[in-house]
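Note sheet for the following structure.
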Amino acid sequence: MSKQPLLILGPLMPYLIEELGKKYEIEKLYEEKDALGFLQAHAPRFEAAVTSTFTGLKADMIDLLTAVKIVSSFGVGTDSLDVAYANKKGIKIANTPDVLNEDTANMAITLLLASTRDIVANDRFVREGRWAKGEAAPLALGIEGKKVGLVGLGRIGSVIATKLLAFGCDVVYHTRNKKPDISFKHYDNLVEMAGDCAALIAILPGGEATQGVISREVLQALGPEGTFINVARGTVVDEIALVELLKSKELGRAGLDVFVDEPNVPADLFALDNVVLQPHMGSATVETRKAMADRVVSNLDNYFAAK
Ligand code: NDP
């Protein structure tokens, strides 16, 4: 039986390309010199395509995928995919939720501990020979017994909450809808929650609806003793305010996995000791990336099996 043609819109991990190639006749659009010409000539062949949160799926691309009915995306976030327009055009979008909950939550906890305990700054302190010269590193902050506010309490936020409990934190949360079966205190007002918290962890979707939800006012309420962790999307925070407040120490510390214009990170952050930076690594472990890849394949398989 001949393999079903499958259009791959952007680069993917080699394991996923290999797995897709076992079952589908893959075509890498991103390797075509003239992608537009290729699509104009061959789009009717492809009922299915694969993308990722990094490559995305914009309306102009959707218009070119004239026969596509399913796009299987690598990643859980859909802010870089125009899902509403795709659905309107009769295209289903599949993503890879749940399998990345634990590792993304672990990144949030890692950044919280690394920030509050000044791990990166102190690593530099040792390497620069300052300890050996008799200098003392400043005291860090503990998290036990501290109030930690989650902005978002969905699949990943709930896992972060469970892990925070193991560190003796008092978990509170802000979402648009209070969860009926959850005993953590819910705040309608994010500024109020930030004012009550030692740390705030952003784990809500990106996109227009959440743009700048973590505002200057929220960060100021968190204050000089406060720590802001972002494992959501760069767009959920007012990044200009974030950088200014970290520089002036009006906000104490931050641990950031995501940025507005990735892979470009505001250069002012590089000189700061009170921020820990990561290149969007929340789900980036060998185990989780493999599980996400398997999910991309099974989402396609399920579609073709009419499930
Ligand atoms: P879910 O959809 O399960 O949960 C989203 C949560 O955000 C819900 O509790 C929702 O509650 C809340 N929320 C949505 N809009 C708002 C708002 N305007 N204000 C406050 N809360 C809001 O998503 P996941 O937990 O699976 O993932 C969350 C996001 O994490 C993803 O969309 C992705 O962008 C990011 N992510 C980042 C990774 C990384 O590598 N750093 C890896 C994986 C995911 P309610 O609807 O009641 O408001």
Side-chain angles (χ1 to χ4, degrees), residues 52-54 73-79 95-117 119-120 141-177 179 181-187 190 193-194 197-207 210 213-214 222 226-237 253-259 262 275-296:
S52 67
T53 52
F54 302 104
S73 181
F74 181 85
V76 65
T78 53
D79 49 302
N95 62 346
T96 64
D98 295 322
V99 293
L100 42 58
N101 293 352
E102 294 293 333
D103 269 326
T104 307
N106 287 346
M107 176 58 84
I109 300 291
T110 301
L111 284 174
L112 178 63
L113 288 170
S115 305
T116 53
R117 297 301 300 266
I119 295 295
V120 176
L141 291 175
I143 62 165
E144 186 167 357
K146 300 285 178 67
K147 204 182 281 292
V148 178
L150 291 167
V151 188
L153 192 69
R155 289 171 294 240
I156 302 170
S158 304
V159 177
I160 298 175
T162 306
K163 291 174 190 276
L164 286 171
L165 294 178
F167 286 95
C169 297
D170 174 13
V171 176
V172 297
Y173 74 107
H174 165 77
T175 51
R176 292 165 303 176
N177 312 293
K179 289 184 175 275
D181 304 327
I182 298 285
S183 60
F184 305 136
K185 179 175 177 176
H186 177 263
Y187 286 77
L190 182 50
M193 181 169 91
C197 282
L200 215 61
I201 301 179
I203 185 62
L204 70 169
T210 56
V213 160
I214 319 279
L222 195 54
T227 301
F228 172 62
I229 304 300
N230 193 358
V231 287
R233 286 290 182 265
T235 53
V236 304
V237 62
R253 293 166 164 84
L256 309 173
D257 187 41
V258 286
F259 304 88
E262 295 174 10
V275 60
V276 177
L277 305 172
Q278 282 292 294
H280 200 148
M281 298 295 280
S283 66
T285 64
V286 170
E287 297 83 357
T288 289
R289 285 291 166 90
K290 179 180 178 298
M292 290 165 67
D294 291 340
R295 192 83 193 257
V296 168

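The residues of the chain are indexed from 1 along the displayed sequence.
- I229 pairs with exactly one of I203, L111, V276 by the side-chain contact (heavy atoms from CB on, under 4.5 Å) rule, that one being L111.
- Residues T104 and S283 meet the side-chain proximity criterion, which asks for heavy atoms closer than 4.5 Å.
- In this structure the side chain of V231 never reaches within 4.5 angstrom of the side chain of V258, judged on heavy atoms.
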Derivation of the side chain to side chain contact (heavy atoms under 4.5 Å, CB included) call for S73 and T78: CA-CA 9 Å; S73 181; T78 53; over 6 Å; no

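- Side-chain N or O atoms of R295 include none that pairs as donor or acceptor with a backbone N or O of T96 at under 3.5 Å.
- At a threshold of 4.5 Å between non-hydrogen side-chain atoms, the residues L256 and F228 count as touching.
- In this structure, the side chains of V151 and V236 stay at 4.5 Å or more apart for every pair of heavy atoms.
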Side chain to side chain contact (heavy atoms under 4.5 Å, CB included) for I143 and V148? Distances and angles first, verdict last. CA-CA 9 Å; I143 62 165; V148 178; 5.6 Å; no

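- Using a 4.5 Å cut-off on side-chain heavy atoms (C-beta onward), T288 and E102 make no contact.
- Under a cutoff of 6.0 Å and an axis angle of 45°, K163 and F167 do not form a cation-pi pair.
- When K147, K185, K146 are each tested for a salt bridge (Lys or Arg N to Asp or Glu O under 4.0 Å) with D170, only one passes: K147.
- Between the side chain of S115 and the backbone N or O of R253, no donor-acceptor pair lies under 3.5 Å.
- Using modelled atom types, one side-chain atom of D257 and one backbone atom of M281 make a donor-acceptor pair closer than 3.5 Å.
- Using a 4.5 Å heavy-atom cutoff, the side chains of L164 and I201 are in contact.
- For Y173 (side chain) and I182 (main-chain N/O), no donor-acceptor pair under 3.5 Å exists by modelled atom type.
- A pairwise comparison of heavy atoms in V99 and M292 identifies CG2-CG, 3.8 Å as the closest pair.
- For the pair I214/L190, a side-chain contact is recorded, criterion being any heavy-atom separation below 4.5 Å from C-beta on.
- Taking the six-membered ring for Trp and thresholds of 30 and 60 degrees, H186 and H174 have nearly parallel ring planes, at less than 30 degrees apart.
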